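The structure appears below as structure tokens.
It should be emphasised that the depicted structure is a prediction, and the values quoted were computed from it without experimental measurement. For the numbers below, each heavy atom of this structure counts, side chains included, while hydrogens, waters and symmetry mates do not. Numbers here simply count residues along the sequence, with the first being 1. Whatever order the structure lists ligands and atoms in, that order sets their numbers, starting from 1.
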Amino acid sequence: MTGYSESEERQALRREVAKLAATYGREWFTEKARAGEKSTDLWMEVARNGYLGINIPEEYGGGGGGIGDIAAVCEELAAQGCPLLLMVVSPAICGTIIARYGTEEQKRRWLPGICDGTGTMAFAITEPDAGTNTHNISTHAHRDGHGWVLNGRKIYISGVDEAENVLVVARTEDAGTGRVRPVLFVVPTDAEGFEYRPIPMEIVSPELQFQVFLDDVRLPADALVGDPDTPDGGLVQLFAGLNPERIMAASFSTGLARCALDRAAAYAKERTVFQAPIGTHQAIAHPLAQSKIEVELARLMTQKAAALYDAGDDAGAGEAANMAKYAAAEAACDAADRAVQTHGGNGITQEYGMAGLLVATRAGRIAPVSREMILNYVAMHSLGLPKSY
Ligand SMILES: Cc1cc2nc3c(=O)[nH]c(=O)nc-3n(C[C@H](O)[C@H](O)[C@H](O)COP(=O)(O)OP(=O)(O)OC[C@H]3O[C@@H](n4cnc5c(N)ncnc54)[C@H](O)[C@@H]3O)c2cc1C
């Protein structure tokens with residue numbers, strides 16, 4: 001970042017990704033989703049161009065860039081109407097955790113596939129009973145000789161059907177103290193005892209969510225990422241994934257918001273029902289202008305969070321990433337709603353595909369971390385208020 005704008009290199013990256021994504025576009029994306037097909041062609045083209053693993057170190061097949069780069073890729077894809085949710089998960093969450101905490105052997109085994117698109121990795125922490133309270137997860141890992149056995153249930157796990165592996169968060173008890181600690185395992189989706197079932201969602205996307213069932217899944221010792229014998233177990237690994245997750249989720253939202261606003265502005269310039277195009281009426285123009293401001297503010301905070309993270313300031317990035325994720329989700333929900341309103345009845349038709357953006361942006365208020373939990377974070381960490389939960 002130079003001054004108040006991104007580097008020329010980052011801006012060029014944005015232009016290239018936008019050009020590529022425009023050759024696919026919103027119609028292609030929604031047609032794939034409605035036909036029950038996958039967005040694999042785009043995923044693989046993004047990978048072939050070196051964008052998928054742009055944040056992963058070069059020695060493991062990546063581009064050697066930062067979270068700011070992969071967030072720019074994510075935003076530009078969404079802005080062209082092709083949001084790829086698995087970018088948040090595979091290269092940004094899983095790729096970051098493995099690149100930072102995997103052994104040399106683990107990095108060589110998993111990172112190249114994450115970068116070239118052939119070894120996508122999903123991420124599973126959410127459970128039906130624990131929900132937001134991830135300290136309460138019950139997926140359990142116990143030692144079995146040199147290896148491990150995993151049992152539990154996960155819910156809303158994105159892209160399991162497209163993934164080679166899932167990075168699963170479980171808990172284990174210290175044999176001596178009995179203390180419970182989180183642990184992270186890379187579980188192959190074809191492992192015995194690993195099953196998944198799609199959850200019918202109202203989101204128009206080729207990427208689906210799943211229930212995951214782990215029944216006596218046996219794993220070798222080197223499936224574990226990190227050291228379970230440190231006092232906090234896998235907590236430090238888990239935290240390493242949080243800022244990238246939030247920065248990416250924010251970019252996903254601002255991209256969708258830009259997509260909605262571009263379409264709304266184009267429609268408002270064309271559609272005439274009285275003497276002049278509807279965009280002449282301030283009742284149409286002002287809400288869109290308001291959204292434009294809100295989206296740009298959210299983008300700025302997202303870029304700040306990414307710059308702090310890439311500079312190694314994890315604490316500073318934490319506050320900014322939470323604020324960016326909150327601001328982006330709010331801005332995107334409002335932008336999509338205003339864009340639908342601008343379209344009148346056409347806003348709800350499949351032909352115009354605007355209503356699909358309502359649900360897609362709405363999910364950003366809930367996942368990967370809800371707006372309430374971000375408000376809890378800011379109340380506590382930024383304002384010093386007592387913990388409320
Ligand atoms: C499209 C989509 C994709 C997802 N992909 C993944 C994935 O790939 N991997 C994965 O692990 N998970 C995934 N999730 C799950 C997601 O992270 C959770 O849905 C989210 O964390 C909320 O958990 P919950 O749904 O159980 O809601 P709950 O925990 O039941 O919460 C319900 C409501 O109560 C509020 N609430 C709860 N506790 C508090 C509190 N202390 N203070 C204030 N409000 C509170 C919440 O904010 C929320 O509004 C995905 C979800 C969606 C919708």
| message | What verdict does the salt bridge (charged side-chain N to carboxylate O under 4.0 Å, His left out) test give for E59 and K107, after you've listed the backbone C-alpha separation in whole Å, the side-chain angles of each residue and the deciding distance to 0.1 Å? | response | CA-CA 10 Å; E59 60 265 45; K107 291 184 210 176; over 6 Å; no
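- Under 3.5 Å, the side chains of E127 and T139 contain a donor-acceptor pair of N or O atoms.
- Among protein heavy atoms, atom 39 (C) of ligand 1 sits closest to M373 SD, 4.0 Å.
- Looking at P368 next to ligand 1, an N or O pair under 3.5 Å apart turns up.
- Taking the centre and axis of the six-membered ring of Y389, the NZ or CZ atom of K387 falls inside the cone set by 45° and 6.0 Å.
- In this structure, the protein non-hydrogen atom closest to atom 25 (O) of ligand 1 is Y156 CE1, 3.8 Å.
- For the residue pair R338 / S291, a side-chain donor-acceptor distance below 3.5 Å is found, with atom types taken as modelled.
- The shortest N/O to N/O separation between F123 and ligand 1 falls below 3.5 Å.
- Shown here is K292, whose NZ atom has no more than 12 heavy atoms of other residues, nucleotides or ligands within 6.0 Å.
- Taken together through direct or relayed side-chain contacts under 4.5 Å among Ile, Leu, Val, Met, Phe, Trp and Tyr, W148 and V187 form part of one hydrophobic cluster.
- Note on ligand 1: A124 sits in its first shell, one or more heavy atoms being nearer than 4.0 Å.
- Of all the atoms in ligand 1, the ones that sit under 4.0 Å from a non-hydrogen atom of I157 are 7 (C), 8 (O), 9 (N), 10 (C), 11 (O).
- Geometrically, ligand 1 and Q209 share no nitrogen or oxygen pair separated by less than 3.5 Å.
- Considering backbone and side-chain atoms alike, Y389 places every N or O at 3.5 Å or more from each N or O of ligand 1.
- Judged purely by atom type and a 3.5 angstrom limit, E207 uses its side chain to pair as donor or acceptor with the backbone of L86.
- A donor-acceptor contact closer than 3.5 angstrom links the side chains of T120 and W43.
- When the heavy atoms of M201, R371, K387, E372 are ranked by distance to atom 49 (O) of ligand 1, first place goes to E372.
- Side-chain contact of Q209 with S158: a donor-acceptor pair under 3.5 Å is present, judged by distance alone.
- Within 4.0 Å of atom 33 (C) of ligand 1, not a single protein heavy atom is present.
- Remark: ligand 1 and S158 share an N or O pair separated by less than 3.5 Å (distance only, no angle test).
- Distance from atom 40 (C) of ligand 1 to its nearest protein heavy atom, with residue and atom name: N376 ND2, 3.7 Å.
- Where the criterion is an N or O separation shorter than 3.5 Å, residue side chain and backbone included, I125 meets it with respect to ligand 1.
- Using modelled atom types, one finds a donor on one side chain and an acceptor on the other under 3.5 Å when comparing E16 with Y51.
- Checked against I54 for a side chain to side chain contact (heavy atoms under 4.5 Å, CB included), the options N49, D69, I67 give a single hit: D69.
- For atom 52 (C) of ligand 1, the nearest protein heavy atom (residue, atom name, distance) is A367 CB, 3.6 Å.
- Nearest to atom 37 (C) of ligand 1 by heavy atom, out of T132, I199, I203, is T132.
- Side-chain atoms of Y101 and D227 form no donor-acceptor pair, as typed in the model, at a separation below 3.5 Å.
- Closest to atom 12 (N) of ligand 1 among all protein heavy atoms lies T126 OG1, 2.7 Å.
- Taking a distance limit of 4.0 Å, we find that atom 21 (O) of ligand 1 is approached by some protein heavy atom.
- The N/O atoms of S370, backbone and side chain alike, include one that comes under 3.5 Å of an N/O atom in ligand 1.
- Of all atoms in ligand 1, listed by their number and element, those nearer than 4.0 Å to a heavy atom of G131 are 26 (O), 29 (O).
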